[in-house]
Amino acid sequence: VRRDITNQLILWGGEDATREDSNSQEIFNHINSAWSTGVPVADFVIEARSEHSSIFFGNYIYHWGGRKNNSYNNSFTVYDAFSDTWLEDNATAGGTARASHTANVIDSKMYVWGGESTNGLSNSLEYYDIASDMWITVGNGGTARRGHSSAIYENKLFFFGGEIESNTEFLVTDTLDIYDLATGEWKQGTPSGTPLVSHQALVYGHRMWIWGGSKGSGVYSNDLYIYD
């Protein structure tokens, strides 16, 4: 995940066409609309993983958590986007091992929330302080969910959609949880009316733009939603 003066979007990891974890990297150039393959890495150098999160800070892309060999993970893989090198031990592993969570960075802190761990769906919030290389537990809040999206706007974290658990069943939801970083308070936002999971969200202007994903029961979406 990266878009800067080099006009590149970098994708790493996930599952390949055989549903196996991947450690391959693909690069999309926004100027010439062309894809290329990143620096190949052997499994013994950078372990493949899926359902992880990625954030861009400074010169580095931090890939954290997810699954490795079907096990929940709480380690980092760090990629130096400017020198084009991989740094396996550049950040300290920590936090609750989880997958299908989200991560957002603000003020040199990477906030991790939600997802799924060995204890089931999670609503715990933790952050990794990049400057001090330390993990801090914030606490629990919001509705436990996986496969949701998240965004930061005006010092607040917005968590939308995903899957929640109800009577031992997983249901796709349209709910929105909001965490105020300044006050430490949680509140619920207005539901969208359309449940979505495995979609994407970003903030542009004063709006959160939501696209793609699944509405459940194998129904995929190419609709665009805007939360003002």
Side-chain angles (χ1 to χ4, degrees), residues 1-12 14 26-31 33 35 51-57 61-64 99-107 109-116 121-123 125 127 138 141-166 170-228:
V1 141
R2 174 189 172 204
R3 186 178 184 180
D4 63 3
I5 57 173
T6 64
N7 301 297
Q8 291 181 339
L9 170 70
I10 298 177
L11 307 179
W12 180 81
E26 307 290 335
I27 301 171
F28 178 72
N29 188 293
H30 295 272
I31 296 298
S33 296
W35 287 93
E51 299 179 66
H52 56 286
S53 58
S54 303
I55 61 102
F56 181 61
F57 182 79
I61 298 176
Y62 294 80
H63 304 290
W64 181 85
S100 297
H101 56 282
T102 54
N104 300 87
V105 64
I106 184 171
D107 295 333
K109 297 179 176 64
M110 183 184 80
Y111 288 87
V112 176
W113 183 83
E116 186 175 24
L121 297 189
S122 173
N123 68 342
L125 178 65
Y127 70 81
V138 178
T143 302
R145 64 185 75 201
R146 69 182 181 187
H148 54 284
S149 60
S150 64
I152 290 180
Y153 177 70
E154 292 189 343
N155 214 35
K156 295 181 177 67
L157 291 166
F158 293 78
F159 305 103
F160 169 75
E163 288 184 319
I164 60 175
E165 190 171 8
S166 177
F170 292 107
L171 303 175
V172 181
T173 183
D174 67 342
T175 58
L176 176 67
D177 287 318
I178 304 171
Y179 178 71
D180 191 318
L181 291 165
T183 65
E185 295 179 345
W186 287 89
K187 72 174 186 178
Q188 289 187 331
T190 303
S192 70
T194 303
L196 286 173
V197 63
S198 301
H199 53 282
Q200 292 292 321
L202 59 84
V203 169
Y204 180 75
H206 59 272
R207 296 182 173 125
M208 181 169 70
W209 303 72
I210 297 164
W211 186 83
S214 169
K215 298 178 181 180
S217 302
V219 179
Y220 295 99
S221 173
N222 65 350
D223 296 328
L224 178 65
Y225 300 90
I226 302 171
Y227 176 73
D228 195 323

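For this chain, numbers begin at 1 and follow the sequence in order.
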Open item on the list: The criterion is side-chain hydrogen bond (donor to acceptor under 3.5 Å, both in side chains); which residues satisfy it with Ser221, sequence neighbours excluded?
Closed with: none

- [ ] Give the intermediate values and the outcome of side chain to side chain contact (heavy atoms under 4.5 Å, CB included) for residues Tyr225 and Leu196.
- [x] CA-CA 11 Å; Tyr225 300 90; Leu196 286 173; 3.8 Å; yes

Open item on the list: Taking side-chain hydrogen bond (donor to acceptor under 3.5 Å, both in side chains) as the definition, give me every residue that meets it alongside Ser53, ordered by chain and number, with sequence neighbours left out.
Closed with: His101

Task: side chain to side chain donor-acceptor pair (under 3.5 Å) contacts in which one or both residues fall within residues 148-157, not counting sequence neighbours - done: Thr102-His148, Thr102-Ser150, Asn104-Ser150, Ser149-His199

Open item on the list: Using side-chain heavy atoms (C-beta onward) and a distance below 4.5 Å, is Phe158 in contact with Met208?
Closed with: yes

TODO: Please list, chain by chain and in numerical order, all residues satisfying side-chain contact (heavy atoms from CB on, under 4.5 Å) with Trp211, sequence neighbours excluded.
DONE: Asn222, Leu224

Open item on the list: Please determine whether side chain to side chain contact (heavy atoms under 4.5 Å, CB included) holds for the pair Tyr179 and Val138, giving the CA-CA distance in whole Å, both sets of side-chain angles, and the decisive distance to 0.1 Å.
Closed with: CA-CA 11 Å; Tyr179 178 71; Val138 178; 3.5 Å; yes

- [ ] For Gly216 and Ser214, work out which heavy atoms get closest and say how close.
- [x] N-OG, 3.0 Å

Open item on the list: I want to check something: taking the side chain as every heavy atom from C-beta on, are Ile55 and Trp64 in contact at a cut-off of under 4.5 Å?
Closed with: no

Task: Main-chain N/O of Lys109 paired with Asp107 side-chain donor or acceptor, under 3.5 Å - done: no

Task: Test side-chain hydrogen bond (donor to acceptor under 3.5 Å, both in side chains) applied to Thr173 - qualifying residues, sequence neighbours left out - done: Thr175

TODO: For Ala151 and Val203, work out which heavy atoms get closest and say how close.
DONE: CB-CG2, 3.6 Å

Task: Qualifying residues under ring-ring contact (aromatic ring centres under 6.0 Å, His included), relative to Tyr111, sequence neighbours excluded - done: Tyr127

Task: Trp113 and Leu157, any side-chain heavy atoms less than 4.5 Å apart - done: no

Open item on the list: Within the supplied structure, the quantity of interest is the number of heavy atoms (other residues, nucleotides, ligands) at a distance under 6.0 Å from Gln200 CD; does it exceed 12?
Closed with: no

Task: salt bridge (charged side-chain N to carboxylate O under 4.0 Å, His left out) involving Glu51 - partner list, sequence neighbours excluded - done: Arg67

Using distance only, find each side-chain donor-acceptor pair of residues 180-191 under 3.5 Å and give its atom names and separation, not counting sequence neighbours.
residue	atom	partner	partner atom	Å
Asp180	OD1	Ala182	N	2.8
Asp180	OD1	Thr183	N	3.2
Thr183	OG1	Glu185	N	3.3

Task: Evaluation steps, side chain to side chain contact (heavy atoms under 4.5 Å, CB included), between Phe28 and Ser33 - done: CA-CA 7 Å; Phe28 178 72; Ser33 296; 4.2 Å; yes

Open item on the list: Restricting to non-hydrogen atoms, name the atom on Phe160 and the atom on Thr194 that form the minimum distance, rounded to 0.1 Å.
Closed with: CZ-O, 4.0 Å

Task: Distance-minimising heavy-atom pair for Ala103 and Val112 - done: CB-CG2, 4.2 Å

Open item on the list: As an exercise, state the distance from CD1 of Ile152 to CG of Leu202, rounded to the nearest 0.5 Å.
Closed with: 13.0 Å

- [ ] Taking the side chain as every heavy atom from C-beta outward, state whether Phe159 and Asn123 have any atom pair closer than 4.5 Å.
- [x] no

Task: Heavy-atom pair of closest approach, residues Ile164 and Thr143 - done: CG2-CG2, 3.7 Å

Task: Which atom of Ile210 lies closest to which atom of Ala201, heavy atoms considered - done: CG1-CB, 3.9 Å

Task: Arg145 (side chain) donor-acceptor with Gly161 (main chain) under 3.5 angstrom - done: yes

Open item on the list: Going by salt bridge (charged side-chain N to carboxylate O under 4.0 Å, His left out), name the residues that satisfy it together with Asp223, two or more places apart in sequence or in a different chain.
Closed with: Lys215

- [ ] Any salt bridge (Lys or Arg N to Asp or Glu O under 4.0 Å) involving residues 196-214? Give me the pairs, sequence neighbours left out, ordered by first then second residue.
- [x] Arg207-Asp228

Open item on the list: Any heavy-atom pair between the side chains of Ile61 and Trp12 that's under 4.5 Å?
Closed with: no

TODO: Measure from the side-chain N and O atoms of Ser217 to the backbone N and O of Val219, and report whether any donor-acceptor pair falls under 3.5 Å.
DONE: no

